[in-house]
S.K.: 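The structure under discussion is supplied below as structure tokens; questions concerning it will follow.
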Amino acid sequence: MAAVDWPLADAYKPVLADLRRRAPNLTRRTQMEDGPDRIRRVSTFRPHVFSDTFEIVAEEAAVLRRWIEEELDQGRLWFNMQIWTDGAYVWMEARLVARDDHLYELSPVDQKKMAVSLTYEVKALPVADDCAYLEASVGGESALTNVILDLDTAINTELGWVFGV
């Protein structure tokens, strides 16, 4: 993991309407004269790009600006940050991405608060564990439980004679 941690741990509460997540395209499509297009993989990894807007107090803006300029070497270095994804905050390694020739944008919300807009890339998104993936694919926890019970019954019925059950 990166050695530098996000300096405003409690301040990162993104405005949900402004969250943007862009998944990388790892394939290329070639139109053929006849038949379906040819699609081939050209890469096994490209970072996911996130764009967030969140509010901080004016004092935190100075901390954030200095952190980006000094600790991240103007955004060149990777850092650790709890990022809102899939309904929870998850620690991920990220790096700032210049957008329209700037690393971040600060705009006043009122006299005490600033809105910060960042675009950053993350090396890897968290992967759902097998149980969560199965729950979602079969229709929820109760459906998964039913599938497991049906499988258990089938194994005991079909293979019970092998194990003397």
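Keep in mind that the numbers below use all heavy atoms, side chains included, and drop hydrogens, waters and symmetry copies.
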S.K.: Parallel, tilted or perpendicular: which one describes the rings of Phe79 and Trp67, with boundaries at 30° and 60°?
M.R.: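 Because their plane-to-plane angle is over 60°, the rings of Phe79 and Trp67 count as perpendicular.
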S.K.: Does Met81 form a side chain to side chain contact (heavy atoms under 4.5 Å, CB included) with Val122? I'd like the steps, not just the answer.
M.R.: CA-CA 10 Å; Met81 179 180 182; Val122 297; over 6 Å; no
S.K.: To the nearest 0.5 angstrom, please state how far the CD atom of Glu60 sits from the CG atom of Leu8.
M.R.: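 It is 5.0 Å, given to the nearest 0.5 Å.
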S.K.: Kindly list each side-chain donor-acceptor pair under 3.5 angstrom involving residues 103-114, sequence neighbours excluded, with atom names and distances?
M.R.:
from   : atom 1 : to     : atom 2 : distance (Å)
Asp110 : OD1    : Lys112 : N      : 2.8
Asp110 : OD1    : Lys113 : N      : 2.8

S.K.: Please identify each residue that fulfils side chain to side chain contact (heavy atoms under 4.5 Å, CB included) with Asp37, with sequence neighbours left out.
M.R.: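 Expected list: Arg29, Gln31.
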S.K.: With a 4.5 Å cut-off on side-chain heavy atoms, are Leu64 and Trp6 touching?
M.R.: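 Yes. Closest side-chain heavy atoms under 4.5 Å.
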S.K.: Quick one: are Ser51 and Arg99 in side-chain contact, heavy atoms under 4.5 Å?
M.R.: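 Of all side-chain heavy-atom pairs linking Arg99 with Ser51, at least one is under 4.5 Å.
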S.K.: How far does OG1 of Thr119 sit from CG of Asp52, to the nearest 0.5 angstrom?
M.R.: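 So the OG1 of Thr119 and the CG of Asp52 are separated by 8.5 Å.
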S.K.: Could you see if Leu118 belongs to whatever hydrophobic cluster contains Val90? Use Ile, Leu, Val, Met, Phe, Trp, Tyr and a side-chain cutoff under 4.5 Å.
M.R.: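 Yes: a chain of side-chain contacts under 4.5 Å links Leu118 to Val90.
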S.K.: Return the minimal non-hydrogen interatomic distance between Glu121 and Trp78, and the atom names on each side.
M.R.: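 Shortest heavy-atom separation between Glu121 and Trp78 comes out as O-CZ3, 3.7 Å.
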S.K.: What are the two closest non-hydrogen atoms of Glu71 and Val4, and how far apart are they?
M.R.: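 Closest heavy-atom pair between Glu71 and Val4: O-CG2, 4.0 Å.
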S.K.: Does Glu69 use its side chain to pair, donor to acceptor, with the backbone of Arg66 at less than 3.5 Å?
M.R.: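 Here the side-chain-to-backbone pair does not exist.
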S.K.: Measure the CG-CG distance between Leu77 and Leu72 for me, rounded to the nearest 0.5 Å.
M.R.: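 These two atoms lie 6.0 Å from each other.
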S.K.: Where do Arg95 and Arg76 come nearest, in terms of heavy atoms and distance?
M.R.: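 What the structure gives for the nearest pair is CD-O, 3.2 Å.
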S.K.: With rounding to the nearest 0.5 angstrom, report the CD to CZ distance, Glu70 to Arg65.
M.R.: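 So the CD of Glu70 and the CZ of Arg65 are separated by 11.0 Å.
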S.K.: Under 4.5 Å between any side-chain heavy atoms of Val97 and Phe50, yes or no?
M.R.: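 A side-chain contact under 4.5 Å is absent here.
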S.K.: Got a second to check how far Arg28's CZ is from Arg38's CZ, nearest 0.5 Å?
M.R.: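 It comes to 12.5 Å.
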S.K.: Looking at CD of Gln82 and CG of Asp5, how far apart are the two atoms once the value is rounded to the nearest 0.5 Å?
M.R.: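 Going from the CD atom of Gln82 to the CG atom of Asp5 covers 10.0 Å.
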